[in-house]
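Every chain is numbered from 1 and lettered A, B, ... according to where its sequence line falls, protein lines coming before strand lines.
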Amino acid sequence: MVSVTAPSAPASALTRGVGDAYDILQERGFLYQCSDEAGLRRALAAGPITFYGGFDPTADSLQIGNIVLAMAMAHLQRAGHRAIAVVGGGTTMIGDPTDKTDARRIMTREEIEANAQVIKGQLSRYLDFSAGRGLMVDNAEWLLNLNYIDFLRDYGRYFSVNEMVRAETYRARLETGLTFLEFNYMLLQAYDFLELFRRHGCVLQIGGSDQWSNILAGSQLIRRADGGQAFALTNVIVTDATGAKMGKTAGGLTVWLDPAKMAPYDFYQYWINVDDTLVAQYLALFTFLPMEEIRDLTAAGGAALRPAKERLAFEATALAHGREGAEKAQATARSVFGGATYGTTTDGGGGAGGDAPISALPAREIARSRLEAGISALDLLVEAGLADSRNAARRLIEGGGAYLHDARLENRTVTTADLQDGALLLRQGKKRYRRVMAV
RNA sequence: GGGUCGGUGGCAGAGCGGUCAAUUGCAUCAGACUGUAAAUCUGACGGGCUGACGCCCUACGGAGGUUCGAAUCCUUCCCGGCCCA
């Protein structure tokens, strides 16, 4: 790995300079493709550049699949480069055909804007949006006012349909059906890049490898329309052990960053339950730990990998939910799973944040009066969110997978006599806990 | 617009008049084994009721129809692929 000498790094506590950014991304396993590695290395080394990555406001929260890009951007930014996070408020109104079986649902402006706000908040945990360091823009700003005729005349000429049809992005969709609406997505994303090039001197776009053709189209448009040079870089699409895109818990839940959609405890658990073979990769991608430390942590195999997983979970949770959230989640997890400690985290003890050791467990409430009258175990499991229906709850109990206070729960009536410290501690299977508080 | 093929449970994909709540694979859930891992084995896997045998309801794109009986046949509408224009 050849290190390119950087002239000088701008202010802030940088241990490595602007020219090291490429190496950092490479050694951490982010990179998938680059349109011109030598050229990009030169550009990076020649001083801070402006780069961008896009996020689609299709949901009211980011999920961990989006973090890979955020982390890659964060590394670039930490190396001294200027980040632009583009929220695809305009493009979302079209629908990206990439890797979708069906056309995306078209959303209203209001939904999109609300989502964009949330996403910005979440991204600021990873990226610095202070003046001069980074900014966030919504491409609706320029896309919504495009005039069709003008756009065709000024830019349509630079796009070759032959080329587009050959793009991997569209090939699959050509088999199953692709509307003209979606087909235009590439043009708009390319135009975004051009617009950012003009407005902010942005010369690099980074995105998931599924965005490769779109990003390339942008850098080509910049060359054709303005004679400028811009680079395309893609990061790996991270998969889980089964080869599927990562992002679902064991319970099939999407791993959201929004604590209201997924409790930090569950977020933490997601990382703890990661497959052995992925720990090293995930540490490199989802934490800022130095590579040497990651190698040490994961040098041993087998059960010795557990401290590494705990570290991964802690660091990733701390990034998404703050240190305190991570500490609470960790303390709760340790308490609930037998209190075994595997090494220590950065603070040497994993403080509980002053709360009860299981305080971070997802909780539900139930009226005390209903417990006094007695509630069936079936209904209790359903209301706790551990079973989708009473039939499912029945099956769970029959299968021996329902527990109350760590004792197998039979199909009986649960009353206030079962309360411990004013709550019921329910468990589904080996590790899905839920507290039900009597109120 | 014409021709043709097709729309089945989370996905893939059987069924092609009764024995179909619907074969099978994947995914998922539980149990055993473990390290809150993987692999493996076992069971479950539309909803409701039941201690249980079992019973009831709703489902095979939508709406009608034929029939004792339809996911299976007919009509029509909607949606999609392919070929032609």
TODO: Hey, could you give me each pair passing salt bridge (charged side-chain N to carboxylate O under 4.0 Å, His left out) that has a residue in residues 274-301 of chain A? Not counting sequence neighbours.
DONE: A:Asp276-A:Lys309, A:Glu293-A:Arg311
TODO: Provide, to the nearest angstrom, the distance between the CG atom belonging to A:Leu312 and the C1' atom belonging to B:G35.
DONE: 16 Å
TODO: Kindly express the pairing pattern of RNA chain B in dot-bracket notation, using | wherever a base pairs with another strand and counting only Watson-Crick or G-U pairs under 3.5 Å.
DONE: ((((((((.[[[..)..(.....]]].(((((.......))))).((((....))))...[[[[[..)....]]]]]))))))).
TODO: For A:Phe159, check ring pair (Phe, Tyr, Trp, His ring centres under 6.0 Å) against everything at least two apart and list the hits.
DONE: none
Dump the pairs, protein N or O against N or O of nucleotides 30-34 of chain B, anything under 3.5 Å, distances to one decimal.
from  : atom 1 : to       : atom 2 : distance (Å)
B:A30 : O2'    : A:Gly399 : O      : 2.8
B:G31 : OP1    : A:Tyr403 : OH     : 3.3
B:C33 : N4     : A:Lys430 : NZ     : 2.7
B:U34 : O4     : A:Lys430 : NZ     : 3.3

Open item on the list: For a quick check of understanding: with a heavy-atom distance under 4.0 Å over all strands, which category does A:Glu398 fall into, base, sugar-phosphate or nothing?
Closed with: sugar-phosphate
TODO: For A:Arg412 and B:G51, give me the distance from atom CZ to atom P, rounded to whole Å.
DONE: 16 Å
- [ ] Please report the C-alpha distance between A:Arg323 and A:Glu327 in whole Å, then the side-chain angles of each, then the deciding distance to 0.1 Å, and finally whether the salt bridge (Lys or Arg N to Asp or Glu O under 4.0 Å) criterion is met.
- [x] CA-CA 6 Å; A:Arg323 241 193 125 63; A:Glu327 281 168 1; 3.6 Å; yes
Task: C1' atoms of B:C74 and B:C55, separation to the nearest Å - done: 34 Å
Open item on the list: Taking B:U58 as the reference, what is the distance to B:U40 when you measure between their C1' atoms (whole Å, please)?
Closed with: 38 Å
Task: Pairs involving residues 410-424 of chain A, ordered by first then second residue, that meet salt bridge (charged side-chain N to carboxylate O under 4.0 Å, His left out) (sequence neighbours left out) - done: A:Arg412-A:Asp418
Task: Interatomic distance at C1', B:G62 relative to B:G10, whole Å - done: 22 Å
Open item on the list: Taking the C1' atom in each of B:A39 and B:U50, what is the distance between them to the nearest angstrom?
Closed with: 38 Å
- [ ] Between B:G80 and B:G18, how far apart are the C1' atoms? Round to whole Å, please.
- [x] 32 Å
Open item on the list: Less than 4.0 angstrom from a charged side-chain N to a carboxylate O is my criterion; do A:Glu383 and A:Arg370 meet it?
Closed with: yes
Open item on the list: Aromatic contact between A:Phe314 and A:Trp271, with the criterion being ring centroids under 6.0 Å apart: yes or no?
Closed with: no
Open item on the list: Under the rule for ring pair (Phe, Tyr, Trp, His ring centres under 6.0 Å), what residues qualify as partners of A:Tyr268, not counting sequence neighbours?
Closed with: none
- [ ] Round to a whole Å and report the spacing from CZ of A:Arg394 to P of B:A44.
- [x] 16 Å
- [ ] Starting from the 5' end of RNA chain B, give me the residue, A:Ala392 or A:Asp275, whose nearest nucleotide shows up first.
- [x] A:Asp275
Open item on the list: Please tell me if A:Thr277 has a side-chain N or O lying less than 4.0 Å from either OP1 or OP2 of B:A38.
Closed with: no
Open item on the list: Please report the distance separating the P of B:A52 from the corresponding atom of B:C41, rounded so that it comes out in whole Å.
Closed with: 29 Å
Open item on the list: In whole Å, I'd like the distance from the CD atom of A:Glu310 to the P atom of B:G35.
Closed with: 16 Å
Open item on the list: In whole Å, I'd like the distance from the CZ atom of A:Arg306 to the P atom of B:A37.
Closed with: 8 Å
Open item on the list: Between B:G2 and B:C11, how many Å separate the two C1' atoms, rounded to a whole number?
Closed with: 34 Å
Task: Which residues share a ring pair (Phe, Tyr, Trp, His ring centres under 6.0 Å) with A:Phe55, sequence neighbours left out - done: none
Task: Atom-pair distance (CG on A:Asp266; P on B:U36), nearest Å - done: 18 Å
Open item on the list: Distance check, P atoms only: B:G15 and B:U24, in whole angstrom units.
Closed with: 14 Å
- [ ] Sequence neighbours left out, what passes ring pair (Phe, Tyr, Trp, His ring centres under 6.0 Å) with A:Tyr433? Give chain and number order.
- [x] A:Phe337
Open item on the list: Listing request: all ring pair (Phe, Tyr, Trp, His ring centres under 6.0 Å) pairs with a residue in residues 56-79 of chain A, at least two apart in sequence or in separate chains.
Closed with: A:Phe30-A:His75, A:His75-A:Phe288
TODO: Could you tell me the separation between the CD1 atom of A:Ile397 and the C1' atom of B:U50, rounded to a whole number of Å?
DONE: 14 Å
Open item on the list: Counting the atoms with a prime plus P, OP1 and OP2 as sugar-phosphate, which does A:Asn391 contact under 4.0 Å by heavy atoms, base, sugar-phosphate, or nothing?
Closed with: base
- [ ] Would you kindly give the CG-to-P distance between A:Asn273 and B:A38, to the nearest whole Å?
- [x] 8 Å
